[in-house]
Amino acid sequence: MIDRAQVLHVAKLARLDLADDEVDAMARELSAVLDHVERIGELELDDVPATSHVVDVVNALRPDEPRPSLPRERALENAPEVVDDGFGVPSPGAAS
Amino acid sequence: MSATDLIALTAAEAAEQLRHGHVSQTELFDAYRERAAADRAAADDGLNAYTWVADAAPAETGAAHDAPLHGVPLAVKDLFCTEGVPSQSGSRILAGYRPPYTAHVVEQLERAGSTLLGKTNQDEFAMGSSNENSAFGPVRNPWDRERVPGGSSGGSAAAVAAGLAPWALGTDTGGSIRQPAALCGIVGLKPTYGSVSRYGMIAFASSLDQAGPFTRDVTDAALLYRHMVGRDERDSTSLAHPDAIELPKGVDLKGIRLGVPEELTGEGIESGVREAFNATLALAEQLGATVETTHLPHAPHALSAYYLIAPAEASSNLARFDGVRYGHRTQDPDDLLDMYVRTRAEGFGPEVKRRIMLGTYALSSGYYDAYYGRAQKVRTKISEDFRAAFGSFDFIVTPTAPTVAFRLGEKTADPLEMYLQDFCTVPMSLAGIPAISIPNGLSDGLPVGFQIAGPAFSENRLLNAAYVLEQALGFDGTAPRQNGGGLA
Amino acid sequence: MSTAYEPVIGLEIHVQLKTKTKMFCGCELSFGDPPTVHTCPVCLGLPGALPVVNARAIHYALMVGMALGCELAPRSIFHRKNYFYPDLPKGYQVSQYDIPICSGGHLGDVRIHRAHLEEDAAKLIHVGSSGRIHGADASVVDFNRGGTPLVEIVTEPDVKSAAQAREWLTLLRTTLRQLGVSDVNMEEGSLRCDANVSIRPVGSDVLGTKTELKNMNSFRYLERGVEAEIARQIALVESGEEVVQETLHYDPVSGAISSLRSKEEAHDYRYFPEPDLVPVVLTEEMIAAARAELPELPAQRAERYEQQLGLSADSARLFAFRSELGDYFEAALASDADTGDGGAQPLANWISGELVARIGDEDPASSKVTPQAIAQLAALVRSKAVTQGAAKQVLDRLVADGGEPNAIVEAEGLGAIGGGDELADVVKRALESDPAAVEKLKAGNMKAIGPIVGFVMRETKGRADGGEVNRLVREQLGL
């Protein structure tokens, strides 16, 4: 189960603006899914190692050799806002 | 050769014709391009399989003439980055995005001679099992336009089934190649995780995503996959395939042991699908295989583990869509926080939001151990289940999807019911093992899929077994091609 | 009655590694280049791009771990630390979390908790209300720096004062510089230090609430900032208030400390193993390669100076911790074959005392005084060919113009006046000029010798040896 307050907290962590009716729908839908997935709680898994990779690879390392970077125009071509040859954003200071 | 004759060729046959000069690259490309473009132009009357179609055939180049796939057009799922060409992953947040680089696997196929025919529609960020979650509208099933093609690679599946492409690239995270292949009556291979580079694939769930081919037959699947594999130094999780990929040539299934997991073949499988599955098991026995019931004890929990792991990774993978460097940004934000929350609220569709929320929750403080941490342990148990099963069996077989193609809108109201579509395909994704779906006849006039899964890197054997069954089944998939696309 | 408090300080140090390329992509590292010229799909966080670990960053981290006496993890992994900020292109930072590459260890008397690898954020520049971005002050993100490899070193709370924090960080900087893994420049940001500060009553072993002090971008500011925070906490506690756990910003100009983030915003980084990377498993080769490149470290160097050269503990530490002084000292020592027994300490004193007094923090190797010159000067004093006073004048000339001590002594006539008639004559004139002092001396008041010596030194321009003057005075007065 997940309630409205939790939905709002998670939405803030995820930086998603939810309309009022979306919050209720989200709480309902997530609760239904969680209800189902929580069944893994029934399993005895204490000594089981976690799998984060199914591939048996270690040390995929790259030599410290420079590769060409993107030309600045290419790097900036999809930017919503270009300021002084960089990516323009509202100042973080104004957000808190 | 007429356009109808041209599109009747499998990709392998077309490559052969091109090699001998019986068909020109432009001729073949145009035959497909015109059909693809007509479908795209047909709007609501078409399949909506493509989000972008090439303007013209690429210039004939003599140089690459001996490349193995020279001149064979390729449709590519929207989420593969293609330099200068829209790559939007079915999302409004990436509407019009043209990346400055090309995905490794597309680059590799172009080097092998393929030409980019178009980008195919998909569920937004590959999240969905019906292709109704695309910002660019739903894709329709060429067998019945009132029905879904499956997802998330629905555009690729529909395009190949309808003869709008000789073959196509898709990606599979929990079934996104196999399930639409089944629902559209074509072949779809989800390869061993790591065998195809993910570099340039717009990520959904990094530890599960894998690119694979959609083709009309198993031979084409082997041919396309052959040119997709290889270790890529830009993808840390990629591995060299230990074998060269062979074109299949088996004649029977003598000595092959098929395991039928009780957990994935019981409840929830539609009767028509079950009948087709059982019939094919009987056929396999006639071809020399032994068929026995087996167990994957943790498979019933696979879906739960998957719907924790995939959304968790997705919630993080999709954090980069913040309106700073590319993609949608909301108009006139009040401040930084406002820019983030509105950009993302406007850019993402409902299913993507749902999964971001679910994943964020599963990773958040106090819940990690119970959700994500536990799911990772279930993943370990599922891998162990398969390992044990492959001690006694060459392959595990199941229906690919529990149902045939359902009606548009039929399952959109209930996310959980939609998630159950992935019931039979998700366990293999969690274990990272290869699985193929081949057409298994029709149920009520709609295609059914038969799934064969093998141990990691067993693709050659898997393709051989699939080929033998395909030959014996003799499925005729030409029906949707007759009236496919906007040429209907 | 007022309680005495003692501070408990732990440091978190971010060290930019001096690799050629970034942590996870082949873009070159740069400092001071124009914006957006060292970026690629990986470090811009473009959709579909994937990270690959820089082998040299692992190598450097191992060297750091070895130098700090850490335990090296046989298998370490990377996590994602999720949060939104414009300087973080992917919405998460790739960092080591529960299995860092190095853990434990110590440097000097401060224990190391851990040292791990991560990627640096980009540079966020505030450009004010430009009008170009609606309704808000604008900032610009320059991703050139984004993805630079960092080693984050976290100490145990073993530091007991602001001065010790500064001194220890100096030792760490020298160690890292010696390793050659970083430019370790605080002003340029290649060495950054945060301090976790708390206080407790002297004798208590309960830890107080700690605050995290950020943005101290010089050694001086570190010391001042920590000092100020200790004072702030004591004042709070003494007035009956509580220290609140928060992140603080120290403004070096005003000396003010302010809260950086509102405390309501609890951080939930949602760490999970980075699925795009695979574990780093140490091989014999990797360990051997790192060990082979380890230079002599400051602690070992100090020991060598004390044990083999007989330097005082202070001199040994100074030369070991300020490696440029140590290098210069060793070059000077090598240029003078006769330094031999007991000669090293006087030479050391000339460098650590007189030379440093004249050139400050400057690297002596880039001054006009060559190591040969300082060694020659020390030798002239040792053989009494020049007096201490004259030698200081020679050093003034060396610092200003360079050159050779012998030549300067010759040209300026600064050679010591020995025990011959010349000095005896000057002493005689000095006694004659001050009958009052002579009276006092004869009455046994030896303090009166001061004006006599002063006279002689003035007359000889400091070339007279003090001991010899003393002897001649006694001789001539029959004392």
Side-chain angles (χ1 to χ4, degrees), chain A residues 2 6-7 9-19 22 25-26 29-30 32-43 45-57 59-63 70-71 73-81 87-96, chain B residues 97-100 193-194 207 233 236-239 298 301 303-305 307-308 315 319 322-329 333-342 344-345 348 353-354 356-358 360-361 364 370-371 373-381 383 414-416 419 430-432 456:
Chain A
I2 177 166
Q6 282 172 303
V7 166
H9 171 71
V10 174
K12 190 175 178 202
L13 282 178
R15 296 291 186 271
L16 279 176
D17 189 25
L18 296 182
E22 282 181 292
M26 193 65 85
E29 290 159 0
L30 292 187
V33 176
L34 285 170
D35 215 40
H36 183 88
V37 301
E38 273 168 2
R39 290 181 207 166
I40 61 169
E42 299 160 8
L43 296 168
L45 297 167
D46 282 354
D47 298 322
V48 178
T51 294
S52 22
H53 292 97
V54 288
V55 284
D56 192 15
V57 185
N59 294 347
L61 305 176
R62 170 180 65 80
L70 287 171
E73 320 78 75
R74 299 301 306 281
L76 293 171
E77 72 189 355
N78 285 297
E81 184 91 51
F87 296 86
V89 288
S91 278
S96 55
Chain B
Y97 175 68
R98 291 168 189 258
Y193 182 85
S207 75
E233 58 179 22
S236 304
T237 61
S238 94
L239 283 152
H298 296 86
H301 292 283
L303 202 67
S304 299
Y307 274 96
L308 288 167
S315 72
D322 58 3
V324 175
R325 284 144 292 122
Y326 43 78
H328 175 70
R329 177 192 286 194
D334 296 336
D335 56 31
L336 181 68
L337 183 63
D338 188 50
M339 182 191 83
Y340 283 147
V341 301
R342 279 174 42 209
R344 292 166 60 78
F348 294 136
K353 286 182 192 169
R354 210 146 35 223
I356 289 175
M357 290 289 293
L358 184 59
T360 304
Y361 183 65
S364 68
Y371 292 134
R374 269 192 100 71
Q376 299 264 48
K377 292 180 169 190
V378 174
R379 195 170 183 181
T380 306
K381 298 306 284 184
S383 289
D414 183 354
L416 194 58
Y419 297 172
L430 288 170

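Heavy-atom basis, side chains included; hydrogens, waters and symmetry copies ignored. Letters A, B, ... mirror the listed sequences (proteins, then strands); counts begin at 1.
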Taking side chain as everything from C-beta outward and backbone as N, CA, C, O, which of these in Pro100(B) sits under 4.5 Å from a heavy atom of chain A? Side chain, backbone, both or neither. both
For the residue pair Ile40(A) and Ser304(B), what are the closest heavy atoms and their distance? CG2-CB, 3.6 Å
Rounded to the nearest 0.5 Å, what separates atom NE2 in His301(B) from atom CZ in Arg39(A)? 8.5 Å
Please determine, among Leu34(A), Leu76(A), Val33(A), the option with the most heavy-atom pairs under 4.5 Å with chain B. Leu34(A)
Do side-chain atoms of Lys377(B) reach the backbone of Ala50(A) as a donor and acceptor pair under 3.5 angstrom? no
Suppose we screen for side chain to side chain donor-acceptor pair (under 3.5 Å). Which residues come up paired with Ser207(B), at least two apart in sequence or across chains? Glu313(B), Arg379(B)
So Leu43(A) and His298(B), do their side chains get closer than 4.5 Å, heavy atoms only? yes
Consider only side-chain N and O atoms of Tyr371(B) and Glu38(A), and report whether a donor and an acceptor are under 3.5 Å apart. yes
Check the pair Leu45(A) / Arg374(B) against side chain to side chain contact (heavy atoms under 4.5 Å, CB included), numbers first and verdict last. CA-CA 8 Å; Leu45(A) 297 167; Arg374(B) 269 192 100 71; 3.6 Å; yes
Could you grab the distance from atom NZ of Lys353(B) to atom CD of Glu29(A), nearest 0.5 Å is fine? 11.5 Å
Partners meeting side chain to side chain donor-acceptor pair (under 3.5 Å) with Arg62(A) (sequence neighbours left out): Thr21(C)
Any side-chain heavy-atom pair from Leu18(A) and Val341(B) closer than 4.5 angstrom? no
If I measure from the heavy atoms of chain A, does Met339(B) come under 4.5 Å with its side chain, its backbone, both, or neither? side chain
Hey, does His9(A) have a side-chain heavy atom less than 4.5 Å from the side chain of Thr360(B)? no
Which atoms of Leu358(B) approach chain A - backbone, side chain, both or neither, heavy atom under 4.5 Å: both
Atom CG of Asp56(A) and atom CG of Leu239(B): how far apart are they, to the nearest 0.5 Å? 8.0 Å
Do Val7(A) and Met357(B) have side chains that approach each other closer than 4.5 Å (heavy atoms only, starting at C-beta)? yes
Sub-4.5 Å side-chain heavy-atom contact between Arg15(A) and Asp322(B): no
Relative to chain B, which of Gly41(A), Ala25(A), Ala32(A) shows the most heavy atom pairs under 4.5 Å? Gly41(A)
Can you tell me how far apart OH (Tyr361(B)) and CG (Leu30(A)) are? Round to the nearest 0.5 Å. 9.0 Å
What is the minimum heavy-atom distance between Pro92(A) and Leu336(B), and which atoms define it? CA-CD2, 3.7 Å
Tell me which of these, His53(A), Gln6(A), Glu42(A), has more heavy-atom pairs under 4.5 Å with chain B than the rest. Gln6(A)
Please classify the contact between Asp46(A) and chain B as side chain, backbone, both or neither, with a heavy-atom cut-off of under 4.5 Å. backbone
Is a side-chain N or O of Arg98(B) found less than 3.5 angstrom from the main chain of Glu77(A), in a donor-acceptor match? no
Using non-hydrogen atoms and a 4.5 Å limit, figure out which bit of Leu70(A) sits close to chain B: side chain, backbone, both or neither. side chain
Ser364(B) vs Leu13(A) side-chain heavy atoms within contact, under 4.5 Å: yes
Note: vs chain B, highest number of non-hydrogen pairs under 4.5 angstrom among Val48(A), Val37(A), Thr51(A), Leu16(A) is Thr51(A)
Side chain, backbone, both or neither: which part of Val57(A) has a non-hydrogen atom closer than 4.5 Å to chain B? side chain
Which atoms of Ala431(B) come close to chain A, meaning under 4.5 Å heavy atom to heavy atom: side chain ones, backbone ones, both, or neither? backbone
Does Arg329(B) use its side chain to pair, donor to acceptor, with the backbone of Pro80(A) at less than 3.5 Å? no
Taking every non-hydrogen pair under 4.5 Å, which of Asp35(A), Val54(A), Ile2(A) racks up the most with chain B? Val54(A)
So, the part of His328(B) with a heavy atom under 4.5 Å from chain A: the answer is neither
dist Asp47(A):CG -> Thr380(B):OG1 (nearest 0.5 Å) comes out at 12.0 Å
Per-residue tally against chain A (heavy atom, under 4.5 Å) across Ser238(B), Ala345(B), Gly373(B), Pro99(B) peaks at Ala345(B)
